[in-house]
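Just so it is clear, the model here is predicted, and its values are computed rather than measured. Computed from heavy atoms alone, side chains included, the values below leave out hydrogens, waters and symmetry copies.
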Amino acid sequence: MATTKWAVDPMHSEVQFKVKHLMITTVTGYFQSFHVEAETEDEQFTSASSVVFSADVNSINTNNEQRDTHLKSADFFDAENHGEIRFVGSKYENVGDDDYQLHGDLTIRGITKPVTVKVEFGGIVVDPYGQTKAGFTVTGKISRKEFGLTWNAVTEAGSVVVSDEIKLQAEIQLVKQG
């Protein structure tokens with residue numbers, strides 16, 4: 001079987017996170033600069049021998065420059081010392097129909113923890129330009145405190161400002177290379 005390499009199509013992909021603010025509303029943020037690469041046997045993603053995701057912390061965008069600066073600071077991501085978020089997949093498994101789980105190690109702020117995300121496989125198509133593309137919707141949840149993002153404040157009423165749980169969502173389109 002031939003090894004097939006895939007790379008992200010950034011024009012048709014996005015990576016976002018959601019966090020509760022004051023426990024009453026949700027704030028959405030994006031990483032505007034990220035990479036995904038995968039290697040499979042032929043075009044079978046269940047045979048993936050490598051899945052690597054990385055995001056540039058300095059590309060964070062929550063539509064609020066002051067908040068973005070705070071997120072890049074040592075209170076949160078510490079972008080000066082830890083400029084990259086990285087996920088290295090170790091197992092991609094079918095859990096029913098087009099639903100999969102991707103297991104791997106996520107590194108944020110120099111702390112690596114095992115993480116499992118849900119993956120909905122959208123299929124493989126050839127676009128009008130002859131490129132073979134594969135689509136995925138990825139969702140998951142992590143505890144930010146497990147990765148050293150422990151900053152918080154408390155309101156006068158005793159509510160926390162930022163929730164511990166972070167929801168992850170990505171729309172990923174990969175392009176077959178070569």
Side-chain angles (χ1 to χ4, degrees), residues 6-38 50-89 101-120 122 127 131 133-175 177:
W6 303 82
V8 73
D9 177 350
M11 297 299 295
H12 299 103
S13 301
E14 65 180 26
V15 175
Q16 64 176 250
F17 59 91
K18 294 179 180 287
V19 62
K20 284 281 190 188
H21 182 254
L22 298 174
M23 308 315 289
I24 58 171
T25 57
T26 298
V27 171
T28 302
Y30 297 85
F31 289 100
Q32 295 180 297
S33 177
F34 58 90
H35 301 281
V36 182
E37 293 180 350
S50 172
V51 177
V52 178
F53 163 84
S54 62
D56 178 356
V57 172
N58 283 304
S59 75
I60 202 165
N61 182 349
T62 63
N63 293 318
N64 180 298
E65 190 174 331
Q66 184 177 355
R67 179 173 48 221
D68 294 348
T69 299
H70 191 201
L71 288 171
K72 294 173 196 176
S73 78
D75 282 347
F76 285 98
F77 287 105
D78 191 12
E80 187 174 326
N81 296 303
H82 304 283
E84 181 182 76
I85 293 171
R86 188 170 181 86
F87 176 84
V88 179
Q101 288 185 337
L102 178 59
H103 307 271
D105 291 323
L106 178 63
T107 303
I108 301 174
R109 272 187 77 122
I111 298 171
T112 303
K113 300 275 185 186
V115 170
T116 299
V117 293
K118 295 178 184 177
V119 180
E120 181 184 330
D127 74 9
Q131 294 181 310
K133 296 190 172 187
F136 306 87
T137 297
V138 181
T139 57
K141 296 177 185 177
I142 62 167
S143 159
R144 68 181 176 90
K145 293 177 183 175
E146 287 184 8
F147 294 93
L149 281 74
T150 57
W151 180 92
N152 217 333
V154 178
T155 65
E156 286 183 19
S159 296
V160 295
V161 174
V162 181
S163 68
D164 176 42
E165 181 181 87
I166 307 296
K167 292 181 181 178
L168 310 172
Q169 171 136 6
E171 295 293 334
I172 302 295
Q173 191 172 108
L174 297 179
V175 182
Q177 303 298 293

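- Of the possible donor and acceptor atoms, one in the side chain of Ser13 sits under 3.5 Å from a partner among the backbone N and O of Gln173.
- Residue Ile108 holds its CD1 atom at 6.5 Å from CG of Leu149, rounded to the nearest 0.5 Å.
- A salt bridge links Lys133 with Asp127: at least one charged nitrogen is closer than 4.0 Å to a carboxylate oxygen.
- Using a 4.5 Å cut-off on side-chain heavy atoms (C-beta onward), Gln177 and Val175 make contact.
- With contacts defined as side-chain heavy-atom distances shorter than 4.5 Å, the pair Thr62/Leu71 qualifies.
- Taking the ring centroids of His70 and Phe76, they lie under the 6.0 Å cut-off.
- Under the 4.5 Å side-chain criterion, counting only non-hydrogen atoms from C-beta, Ile60 is in contact with Lys72.
- Between the side chains of Thr107 and Thr112, at least one donor N or O sits under 3.5 Å from an acceptor N or O.
- In this model, no donor atom of one side chain and acceptor atom of the other lie less than 3.5 Å apart for Thr26 and Lys18.
- The closest side-chain heavy-atom distance from Ile172 to Val8 is below 4.5 Å.
- Between the CD1 atom of Ile142 and the NZ atom of Lys167 there is a distance of 13.5 Å, given to the nearest 0.5 Å.
- Side-chain contact check for Leu174 versus Val36: some heavy-atom pair is nearer than 4.5 Å.
- The nearest pair of heavy atoms linking Leu102 to Gly89 is CD1-CA, 4.2 Å.
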List the steps, then state whether side-chain contact (heavy atoms from CB on, under 4.5 Å) holds for Val138 with Phe87.
-> CA-CA 13 Å; Val138 181; Phe87 176 84; over 6 Å; no
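- To the nearest 0.5 angstrom, Ser54 atom OG is 7.5 Å from Glu37 atom CD.
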Apply the test side-chain contact (heavy atoms from CB on, under 4.5 Å) to residues Arg86 and Val52: give CA-CA distance (whole Å), side-chain angles for both, the deciding distance (0.1 Å), then the verdict.
-> CA-CA 7 Å; Arg86 188 170 181 86; Val52 178; 3.5 Å; yes
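- Closest heavy-atom contact between Thr28 and Gln16: CG2-OE1, 3.7 Å.
- Between Phe136 and Glu120, every side-chain heavy-atom pair lies at or beyond the 4.5 Å cut-off.
- The two residues Ser33 and Ser59 make their nearest non-hydrogen contact at N-OG, 3.0 Å.
- Counting all heavy atoms, side chain and backbone alike, Gly140 lies closest to Val117 at CA-CG1, 4.3 Å.
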Run the numbers on Phe53 and Val88 for side-chain contact (heavy atoms from CB on, under 4.5 Å), then give the verdict.
-> CA-CA 7 Å; Phe53 163 84; Val88 179; over 6 Å; no
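- Atom OH of residue Tyr30 and atom CG of residue Asn61 lie 8.5 Å apart, to the nearest 0.5 angstrom.
- The shortest distance between side-chain heavy atoms of Ile85 and Phe34 does not fall below 4.5 Å.
- Residues Phe31 and Ala55 come closest through the heavy atom pair CG-CB, 3.9 Å.
- Residues Leu168 and Ile166 meet the side-chain proximity criterion, which asks for heavy atoms closer than 4.5 Å.
- The distance from the CZ atom of Arg144 to the CZ atom of Arg109 is 11.0 Å, given to the nearest 0.5 Å.
- Between the OG1 atom in Thr69 and the CZ atom in Arg67 there is a gap of 11.0 Å [rounded to 0.5 Å].
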